[in-house]
Amino acid sequence: MKRVLLALCLLAIQVNALELRDEAGGLVKLARPAQRIVSLSPHATELLYAIGAGSQLVGRDAASDYPVEARKLPSVGQYGTFNVEAILALRPDLVVAWEGPQAGPATRRLRELGIAVYASQPGTVAAISQAMRALGTLSGRDGGAAAERFDAGWTALTARYRGKTVLTVVPQVGSEPAMTVNDQQFVSAAFRACGTRNPFGGEVAAVPLISAESLLARQPDAVVALADDSAAARWLAPWRRLPLKAQFLAVDADTLGRPGPRILPATEALCRRLDALRRPSKDKID
């Protein structure tokens, strides 16, 4: 009888054991769904809350500020300066991190110490729902339901603006020097969903520089600063003095720039604002 019970226990452990490839190609192994999770990236924190795993979070990086509940969690540093000892003190059975050169030393050390680290770095909008499903598996939550809702919302959004008149829109992501993004960057997907084109989108540089001369040559319908109102006012001031017919807008960089669930309502809001600028004479999108 004891042998039978032992065999059943071992079988239960095997059934609950998880193996999953993370987004950097590493193999993550868990004996059972994680119950104590530390998130080292704001987007991962938002994704975990979105799939219902917020109660399993025991720590976060300093930049994880949404939802409000996340701010109550202990901070273990920020990207580039994570405190490994503070992470270990939280006794996590899973750490979710954006893998990169600055995070590397901390995540490498955690793996050496036997802590499971899942690299989450969605590079496209489609990858957001994939991340929800993966984190759902690792946390024992139903990530699929949240992923389906997100995918349905994004599909409906893109369909709404497909065929609308094309707007030439320049997203501005920095100042001194002024910068935009090319079409390969994550945030560009939000602007494309609204039926716009970035005249700098074909540049090889990930963040092409923009100047008064280049804006005058391209005559955009709008320049959109991804910054808070105060910073956006400074960024856009030089362009307002130019003979441009462009509209100047400001949007929140966190919601549009983070590969998390809030990009959907943020893009919906952006599209509504840009849609008001359309004129019937513009070329149609294919």
Side-chain angles (χ1 to χ4, degrees), residues 15-76 79 87 90-99 103 107 110 115-157 186 189-190 193 252 254-268:
V15 169
N16 289 328
L18 301 170
E19 285 192 8
L20 197 65
R21 289 282 176 188
D22 66 18
E23 294 171 35
L27 183 63
V28 179
K29 297 181 180 181
L30 294 176
R32 60 190 63 81
Q35 296 304 305
R36 297 182 63 82
I37 305 172
V38 172
S39 171
L40 301 183
S41 179
H43 86 277
T45 302
E46 294 192 25
L47 288 172
L48 287 161
Y49 273 97
I51 64 172
S55 62
Q56 289 151 255
L57 275 166
V58 296
R60 63 173 178 102
D61 68 298
S64 286
D65 56 4
Y66 187 89
V68 174
E69 292 82 358
R71 302 176 192 175
K72 301 174 185 177
L73 296 169
S75 171
V76 295
Y79 191 76
I87 296 172
L90 296 171
R91 299 179 291 108
D93 42 22
L94 177 67
V95 171
V96 184
W98 187 286
E99 203 74 87
T107 53
L110 289 168
I115 303 297
V117 178
Y118 181 85
S120 174
Q121 42 205 58
T124 64
V125 171
I128 293 174
S129 58
Q130 296 167 11
M132 288 179 177
R133 291 185 172 90
L135 292 173
T137 298
L138 292 171
S139 63
R141 297 287 179 166
D142 183 9
E148 289 174 9
R149 288 193 299 271
F150 180 84
D151 285 341
W154 191 263
T155 298
L157 171 65
F186 177 82
D252 180 40
D254 283 347
T255 50
L256 281 178
R258 288 182 188 174
R262 286 193 296 161
I263 191 176
L264 177 55
T267 302
E268 290 173 337

Mind checking the [atom1]-[atom2] spacing from [X] to [Y]? Nearest 0.5 Å is all I need.
X      : Y      : atom1 : atom2 : answer
Leu90  : Leu73  : CG    : CG    : 9.0 Å
Arg262 : Thr267 : CZ    : OG1   : 12.0 Å
Ile263 : Thr255 : CD1   : OG1   : 8.5 Å
Tyr118 : Leu94  : OH    : CG    : 9.5 Å
Ile87  : Leu110 : CD1   : CG    : 5.0 Å
Thr45  : Tyr66  : OG1   : OH    : 12.5 Å

Would you say [X]'s side chain and [Y]'s backbone share a donor-acceptor pair under 3.5 angstrom?
X      : Y      : answer
Arg60  : Ala70  : yes
Thr155 : Ala152 : no
Gln56  : Ala34  : yes
Glu23  : Ala131 : no

Is [Y] close to [X] at the side-chain level, that is, under 4.5 Å between some pair of heavy atoms?
X      : Y      : value
Tyr49  : Ser39  : no
Asp254 : Asp65  : yes
Leu40  : Val76  : yes
Asp61  : Pro42  : yes
Leu47  : Pro261 : yes

Chi angles and distances behind the side-chain contact (heavy atoms from CB on, under 4.5 Å) call for Val38, Val58 = CA-CA 6 Å; Val38 172; Val58 296; 3.9 Å; yes
Tell me, yes or no, whether the heavy-atom count around Arg91 atom CZ, taken from other residues, nucleotides or ligands under 6.0 Å, exceeds 12.
-> no
Minimum heavy-atom distance [X]-[Y], with the two atoms named:
X      : Y      : result
Arg258 : Ala63  : NH2-O, 3.3 Å
Trp154 : Ala193 : CZ2-CB, 3.8 Å
Ser139 : Ile51  : OG-CD1, 3.8 Å
Pro122 : Phe186 : O-CD1, 4.3 Å
Leu30  : Ala116 : CD2-CB, 3.7 Å
Asp93  : Gln35  : OD2-N, 3.0 Å

Arg149 and Asp142 ion-paired at < 4.0 Å = no
Apply side-chain contact (heavy atoms from CB on, under 4.5 Å) to Glu148 and Met132, showing your working.
-> CA-CA 10 Å; Glu148 289 174 9; Met132 288 179 177; over 6 Å; no
